[in-house]
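Sequence lines set the chain letters: A, B, ... in the order given, protein chains first and strands last, and positions in each chain run from 1.
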There are 2 protein chains.
Amino acid sequence: MQSTLESTRVSSGERINAGERPGRLEAELGSRGRRLTRQRRVIVRVMDTAQRHLDIDEIYERARKLDKHVHRVTVYRTVDLLKKLGLIDELDLLHIRGDRHYYESHAAREHIHVACLRCGKVREFESALYDEMKRQIEEQLDVKIAVSRTEVGGYCRSCLPANQTKAKAAH
Amino acid sequence: MQSTLESTRVSSGERINAGERPGRLEAELGSRGRRLTRQRRVIVRVMDTAQRHLDIDEIYERARKLDKHVHRVTVYRTVDLLKKLGLIDELDLLHIRGDRHYYESHAAREHIHVACLRCGKVREFESALYDEMKRQIEEQLDVKIAVSRTEVGGYCRSCLPANQTKAKAAH
DNA sequence: ATAGATGCAAATATTTTGCCGCCAG
DNA sequence: CTGGCGGCAAAATATTTGCATCTAT
């Protein structure tokens, strides 16, 4: 069980698997016997094609642009359904942008979110060490892991210098 | 940079470092020039001695038992202050108990929270792989990590069988 | 046809804010 | 003394729910 550092993968853009499987959510809903209403099609379309993590309001706004017949409550209910079905992940990105929740269609492989505490940019990171660590947890704590979420906050290259002057000066 | 599995540490109880440094938060507040008011003393006392992760209401209730002069708003404000000073961590435990936030006094070493999706029990886990992974992120993404949070959800030994029948049956 | 969805409004949380009086340093 | 704090009430947010209506299957 040696460390497999070399298989680590770094994302270049915002979302590693964004748009890789368009129509995935809609197909999943269908195959699970859920009704594909006009509103649901629009909402999952927004989520399937998003290039970054969206919160409820952002999903709502984008859905409205595609179709005025989408109500905010329906977004809440649809997101809730997707969450219950395990088709999407809910993040809060360490609350650096407030207490809102952000959603993303399940990636093919679980990844880590790395956010800059100053500029707010979020990057994704995949690591063999992460998978290894989860295996270790399952073994040592005798649990079967279903989901995991890792969020890292720090300062990116371009924010590090500025950090000296106007960082979180503890109030 | 070989994997240092052997140094992994598993917690036995609920909180790895709970109660290990009583009075820590109060001392920190003092040394940072914050006023040690009656209410703050009570609130940080609750947090310093908690054996498990508490949400705002739980902190409030426990504080009230010690001293009726603690107001809910003051709990919000104090927790907020501690958060800003970086003295406590904010968790949401994958929202398995709702969208509340949970707080814990900073541990000596960052650890992972492993929650059972059925019984809700939370265990803590420390891993050298985790530290190694963070180093890897810093290196490959060129960032300076300030905080990180990992929450894992799964099924513990005793909940695994029951899981077959009454698990998250997707609504 | 009909169980399941949506829309709307109203109810619930949950957290924040303004202002004034108070107390720790 | 006095500026940071806490109490109180009210506002601002965020999310959920009841119920009538609609529609995907």
Give the rounded distance in Å between these two atoms: [atom1] of [X] and [atom2] of [N].
| X | N | atom1 | atom2 | result |
| --- | --- | --- | --- | --- |
| B:R32 | D:dC5 | CZ | P | 14 Å |
| A:L81 | D:dT16 | CG | P | 13 Å |
| A:H71 | D:dT16 | NE2 | P | 15 Å |
| A:D57 | D:dA12 | CG | P | 17 Å |
| B:R35 | D:dC1 | CZ | C1' | 11 Å |
| B:R41 | D:dG4 | CZ | C1' | 15 Å |
| B:Y60 | D:dG7 | OH | C1' | 11 Å |

Quiz question: by atom type and distance under 3.5 Å, do the side chains of [X] and [Y] form a donor-acceptor pair?
| X | Y | answer |
| --- | --- | --- |
| A:H106 | A:E28 | no |
| B:H53 | B:E104 | yes |
| B:H113 | B:E151 | no |
| A:T78 | A:Q39 | no |

**Residue whose closest nucleotide on DNA chain C lies nearer the 5' end, B:R72 versus B:L36** =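 Of the two residues, B:R72 wins.
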**Prompt:** When you match B:R38 and B:H101 each to their closest nucleotide on DNA chain C, which lands nearer the 5' end?
**Reply:**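 With B:R38 and B:H101 compared, the 5'-side residue is B:H101.
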**Leading and trailing nucleotides of DNA chain C with any atom under 4.0 Å from heavy atoms of chain B** =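 Extent of the interface on DNA chain C: C:dT14 to C:dG25.
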**Asked** Taking 4.0 angstrom as the limit, do A:D142 and B:R123 come out as a salt bridge?
**Response**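 So A:D142 does not pair with B:R123 through a salt bridge.
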Using a cut-off of strictly less than 4.0 Å, decide whether [X] has a side-chain nitrogen or oxygen near OP1 or OP2 of [N].
| X | N | value |
| --- | --- | --- |
| B:T74 | D:dC5 | no |
| A:Y76 | D:dT16 | no |
| B:T37 | D:dG6 | yes |

**Request:** Can you check whether any acceptor in the base of D:dG4 is under 3.5 Å from a donor in the side chain of B:R34, or vice versa?
**Result:**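 Answer no: no donor N or O sits under 3.5 Å from an acceptor.
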**Asked** Is any N or O donor-acceptor pair between the side chain of B:R77 and the base of D:dG7 shorter than 3.5 Å?
**Response**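 By the distance-only test, yes, there is a pair.
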**A:Y60 six-ring face occupied by A:R72 cation (under 6.0 Å, within 45°)** =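 The answer is yes, since A:R72 meets both limits relative to A:Y60.
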**Item:** Atom pair NZ/CG of B:K84 and B:D80 - distance to nearest 0.5 Å
**Value:**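 Separation between the atoms: 4.5 Å.
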